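Here is how names work: the chains are called A, B, and so on, in the same order as the sequence lines, proteins then strands, and each is numbered from 1. Computed from a predicted structure; not experimentally measured.
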There are 2 protein chains.
Amino acid sequence: MLDTRPRRRAIEDTASELFRERGYAATSVRDIAKALDIQGASLYAHVASKEDVLWAIVDRVATAFEAAVAGAEAGAGDRDPVDRLRAFVRAHVHVICADPGASSVFVHEWRHLSDDRRAAILERRDAYERRLRGRIADGIADGVFAMVDPALAATFLLTALNGIPTWYRREGHLSPDQLADAWADLAVRSLTEVPL
Amino acid sequence: MLDTRPRRRAIEDTASELFRERGYAATSVRDIAKALDIQGASLYAHVASKEDVLWAIVDRVATAFEAAVAGAEAGAGDRDPVDRLRAFVRAHVHVICADPGASSVFVHEWRHLSDDRRAAILERRDAYERRLRGRIADGIADGVFAMVDPALAATFLLTALNGIPTWYRREGHLSPDQLADAWADLAVRSLTEVPL
DNA sequence: GGGCTTGCCTAACGATCGTTAGTTGGGTAT
DNA sequence: ATACCCAACTAACGATCGTTAGGCAAGCCC
């Protein structure tokens, strides 16, 4: 079967998988090229630099996260805080499952970006975290969530979410929907006070 | 003030911090040496190889985790499942907080170990995860935890725990005890069924 | 005081790194 | 048929990698 992806995208996908397995610094340009059955130098007909490939991956995943939760909030914005948090978590998990390799790179390899790009990504991550913090604060104000520090709880949930790409495999027996449901259940319960 | 640590341990501590910040592959032997104000080649009077330093760190942290939860289980073994899970989580968090740099290396850099060492570490991680799974299964059998898949729940908790060293800083305003309490609360609640 | 150990030094090794330059062959458009 | 472009090639660059070899000065043991 013939690969209809633009060459540039095939390079990014191959690089994602290698960056996830070995890390950005431990993956050479020649490694990426070899996986595509071409010479290392031939890559430079398609990309400006190794860091450019990293940036393309990180930027694409960041945009996917932003779009996914924006869509989730648009779809559940009028519902109660529990449903809105569930929608947030489910959207996040589905982005990860759609491309675990790229998501892993987004989570772990952004420190190898240039200063400007790293700063830009950190700012977008912060905005994302603030958004989640808002959903948690809503639930607390509403009385359905326990009195936790929203910042700490958001860190807990993001930590539990961001770790997924390090172990999730698409070939496994766990479907994206099952995983999204399970994580949403665990997330909501972790914030829900259990009465005595 | 004079550094009373054996030179070898000072090297490992410095390497831990650099490995955490930049990753193992992106940290050169000369980087480690420069942080200690000596020449790169001088390190080899104290260590056999770069990978040896990585192994020393990873092995030490693995042992610390094993010892900590063994101690926790010895201290709470006769209590109810909720207390035992709390003790497990708290012990884990305290090991991380005692040395976040080394813990981060343990979590993220083990793939750069040689084949034998990597296999050995993965086996110890598996045993650790099975232990946690047992605590969860106990609580389910006891009726205090919701009917979740123990394997999936253990993965959730370990994901939430293993992500801590990537953001926790000892200089921050969050004490190890506060963090351990918060994570134990969130962990227990995430497994506790909320009645309708 | 002679010998040993410790802790560092300088110099250099072969390998590999990211990247540039110049070229070639096959497909497409004119 | 001619001109062009695209995707790949080979060859090489300077830098940096982990590591080895050999030496030198200070402190301790007998």
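Between B:Leu36 atom CG and C:dC8 atom P there is a gap of 9 Å when expressed in whole angstrom units. A:Leu18 has its CG atom 13 Å from the P atom of C:dC17, to the nearest Å. We find that CZ of A:Arg30 is positioned 14 Å from P of D:dC13, with the value rounded to whole Å. Between the C1' atom of C:dT19 and the CG atom of A:Leu43 lies a distance of 11 Å, rounded to the nearest Å. Here the P atom of nucleotide D:dC17 and the OH atom of B:Tyr24 are 13 Å apart, to the nearest Å. Remark: P of C:dT19 and CD1 of A:Ile32 are 10 Å apart, rounded to the nearest angstrom. Here C:dC17 presents its C1' atom at 14 Å from NZ of A:Lys34, a figure rounded to the nearest Å. Atom-to-atom, NE2 of B:His112 to P of D:dC17 comes out at 15 Å; the value is rounded to the nearest Å.
Candidate nucleotides C:dC8, C:dT19, D:dG18 were compared by shortest atom distance to the side chain of A:Val29, and C:dT19 ranks first. Residue B:Tyr44 places its side chain closer to D:dT20 than to any other of D:dC9, D:dA7, D:dT20. Closest to the side chain of B:Ser28, from the set D:dA21, D:dG18, D:dC9, is D:dG18. Nearest to the side-chain atoms of A:Lys50 among the listed nucleotides C:dT19, D:dC17, C:dC8 stands C:dT19. Here the nucleotide nearest the side chain of A:Ala45, chosen from C:dT20, C:dC9, D:dA8, is D:dA8. The B:Ala41 side chain lies nearest to D:dT20 when the options are D:dT20, D:dC9, C:dC8.
Aromatic pair A:Tyr128/A:His92: centroids less than 6.0 angstrom apart.
Of the side-chain N and O atoms in A:His46, none sit less than 4.0 angstrom from OP1 or OP2 of D:dC6. Residue A:Ser42 places at least one side-chain N or O under 4.0 Å from the OP1 or OP2 atom of D:dC9.
Of the two residues contacting DNA chain C, namely B:Gln39 and A:Glu51, the nearest-nucleotide position lying further toward the 5' end is that of B:Gln39.
A cation-pi arrangement, defined by a distance under 6.0 Å to the six-membered ring centre and an angle within 45 degrees of its axis, is present between A:Lys50 and A:Tyr24. In this structure, B:Arg135 forms no cation-pi arrangement with B:Phe145, as its terminal cationic atom is not both closer than 6.0 Å to the ring centre and no more than 45° off the ring axis.
Classified by interplanar angle (parallel below 30°, tilted 30° to 60°, perpendicular above 60°), the ring pair A:Trp183/B:Phe156 is perpendicular.
Although no hydrogens or angles enter the test, the distance criterion places a donor-acceptor pair under 3.5 Å between the side chain of A:Ser103 and the main chain of A:Asp99.
Counting distance only, with no hydrogens placed and no angle test, the side-chain atoms of B:Arg7 and the base atoms of C:dG7 include no donor-acceptor pair under 3.5 Å.
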